[in-house]
There are 2 protein chains.
Amino acid sequence: MAVRAAGTSKPTAKEDILDAAEAVFAARGFEGASMRAIAEAAGVAQALLHYHYKTKEGLFEAMFTRRSGAINRIRLARLDVMLARGQPSVEDIVEALLRPTIEAGHDPRRGGSRFAGLILATGTAEDDWRRDLVARSYDPMAGRFIAALTAALPGLDRAAATWGYLFVVGAALTQMAPTGRADRLSGGEARDEDTDAMLARAVVFAAAGLRALAAAGPDVH
Amino acid sequence: MAVRAAGTSKPTAKEDILDAAEAVFAARGFEGASMRAIAEAAGVAQALLHYHYKTKEGLFEAMFTRRSGAINRIRLARLDVMLARGQPSVEDIVEALLRPTIEAGHDPRRGGSRFAGLILATGTAEDDWRRDLVARSYDPMAGRFIAALTAALPGLDRAAATWGYLFVVGAALTQMAPTGRADRLSGGEARDEDTDAMLARAVVFAAAGLRALAAAGPDVH
DNA sequence: GTCTATAGTTCGATAGAC
DNA sequence: GTCTATCGAACTATAGAC
């Protein structure tokens with residue numbers, strides 16, 4: 001669960017706090033999480049959170065940038081490997097975009113990504129600082145994947161590539177946090193916790209949707 | 001903005017409170033919204049909220065079921081009209097599914113649906129009562145649209161139809177609350193506030209994705 | 001770096017007058 | 001049905017000992 005740089009192997013209290021903060025913020029949201037609950041989950045005094053991260057906003061930002069940075073480094077590394085080998089398929093690009101979020105924020109208890117819901121909630125928050133945090137954390141990576149999709153799909157203009165990217169991320173992120181909804185609506189034939197099966201379908205769905213946007217051209221009505 | 005039954009035309013304080021609750025809950029989330037802020041937005045004393053709706057949870061549920069009920073009545077009415085005329089296209093089904101959420105929760109100040117983000121946050125909440133509220137409010141309608149998609153697309157098994165439905169809703173809902181992200185990522189060529197253009201692209205994207213899921217059959221890898 | 005103790009604020013909910 | 005006033009709990013943040 002922890003995200004540690006190579007070489008630093010011993011868990012420190014400062015990182016224990018980040019781990020606890022990620023779990024509690026993901027479960028209860030920014031406003032719903034309390035510094036008390038995070039301190040208790042980390043097994044430290046509440047005052048230590050303020051010593052290391054100053055405010056609740058500071059702790060949230062440190063937690064968020066640690067996890068999003070780890071996810072996006074993996075995404076871009078996979079993209080770079082593929083691009084070095086030639087023109088990757090749309091399916092490969094989508095897979096490289098989606099899988100790291102599932103794996104990096106994996107929750108062993110529930111089988112999904114605890115972090116996925118937090119990204120959605122943070123990106124649509126009313127506060128400017130939280131929306132800015134998502135922009136700073138994700139826009140550079142997003143720009144590179146939008147460029148890769150444009151290269152893979154002649155006919156995909158910039159507006160269509162942007163919407164297509166946002167549709168793909170939205171479709172998959174909303175399914176990563178297991179809610180039991182797929183199980184219930186399918187009578188048990190689709191299982192929330194089976195993120196591999198969900199991802200395989202998401203790749204098929206997303207690649208076809210992106211190809212259709214490219215084929216439709218700039219004027220859609 | 002208010003959702004009133006036909007025949008009852010005068011705004012009452014009880015409904016003013018629901019309107020204010022929807023605005024404040026949508027802007028700040030369940031935990032971030034306070035009964036004080038809702039009372040102030042409604043122009044009534046805080047105690048009146050408890051008189052009419054007992055608790056914060058009771059007010060949230062009344063607000064949520066009013067809006068989701070209004071949206072789903074429109075969705076199902078459109079679906080029934082189409083089915084009475086014969087077999088609707090996948091595009092028509094998707095359009096009937098997505099447009100009512102944009103229109104019913106429309107925010108005249110920002111150009112998007114304030115309610116969309118609230119649905120996502122409520123469906124992924126940790127509390128059972130909030131996830132149950134989403135299930136009660138949306139599952140019956142979802143079941144009918146999944147059945148309609150299955151009828152329109154031979155080859156779409158139940159698991160694929162369920163995931164397809166959830167992908168479509170997730171892709172569109174995440175774009176309905178304007179965050180400025182499409183503008184920024186596209187250099188201004190895609191505009192967040194232009195929900196009609198977003199919806200037109202979403203229909204193309206979703207219909208192609210659903211057709212690909214049907215063509216792929218039950219075994220996807 | 002980590003703790004205990006607490007200051008100061010805001011919250012949901014209720015009592016009781018009108 | 002609507003109000004004012006307030007209670008008790010929970011919150012973020014800080015002071016100060018070790």
Side-chain angles (χ1 to χ4, degrees), chain A residues 2 4 8-64 66 118 121-122 125-130 133, chain B residues 2 4 8-64 66 118 121-122 125-130 133:
Chain A
R4 258 184 295 279
T8 60
S9 57
K10 279 260 290 295
T12 67
K14 196 170 177 183
E15 284 182 334
D16 287 344
I17 292 171
L18 282 191
D19 292 341
E22 183 172 330
V24 177
F25 277 130
R28 307 223 267 257
F30 178 77
E31 289 91 351
S34 73
M35 298 293 271
R36 277 171 165 77
I38 294 168
E40 189 180 10
V44 301
Q46 187 195 339
L48 197 59
L49 275 57
H50 288 97
Y51 171 78
H52 282 300
Y53 301 102
K54 201 69 184 172
T55 64
K56 187 179 181 182
E57 285 82 359
L59 174 57
F60 185 86
E61 179 157 339
M63 174 278 299
F64 194 87
R66 180 186 69 153
L118 205 51
T122 307
E126 199 192 24
D127 314 337
D128 285 340
W129 77 267
R130 270 187 281 175
L133 176 58
Chain B
R4 258 184 294 280
T8 59
S9 56
K10 280 259 290 294
T12 67
K14 196 171 177 183
E15 284 182 332
D16 287 344
I17 292 170
L18 282 191
D19 292 342
E22 184 172 329
V24 176
F25 278 129
R28 307 223 267 257
F30 178 77
E31 291 90 351
S34 72
M35 297 293 270
R36 279 172 167 77
I38 294 169
E40 189 180 11
V44 301
Q46 188 194 339
L48 197 60
L49 276 57
H50 288 97
Y51 172 79
H52 283 300
Y53 300 101
K54 200 71 183 171
T55 65
K56 188 180 181 182
E57 284 82 359
L59 174 57
F60 185 86
E61 179 158 340
M63 172 280 298
F64 194 88
R66 179 185 69 154
L118 205 50
T122 307
E126 198 190 25
D127 314 337
D128 284 340
W129 77 267
R130 269 186 283 176
L133 177 58

Item to check | Residues forming a ring-ring contact (aromatic ring centres under 6.0 Å, His included) with A:Tyr53, sequence neighbours excluded | outcome: none
Item to check | Value rounded to 0.5 Å, distance of CE in B:Met35 from OG1 in B:Thr55 | outcome: 7.0 Å
Checklist entry - How many angstroms lie between atom CD of A:Glu57 and atom CZ of A:Phe64, to the nearest 0.5 angstrom? => result 14.5 Å
Item to check | B:Ile17 and B:Leu48, any side-chain heavy atoms less than 4.5 Å apart | outcome: yes
Checklist entry - Parallel, tilted or perpendicular: which describes the rings of B:Phe60 and B:Trp129, with under 30° parallel and over 60° perpendicular? => result perpendicular
Next on the checklist: Tell me the interatomic distance from A:Leu59, atom CG, to D:dC11, atom P, rounded to whole angstroms.
Outcome noted: 15 Å
Next on the checklist: Generate the contact string for nucleotides 1-13 of chain C. Rules: B means base contact, S means sugar-phosphate contact only, - means no protein heavy atom under 4.0 Å.
Outcome noted: BBBB------BBB
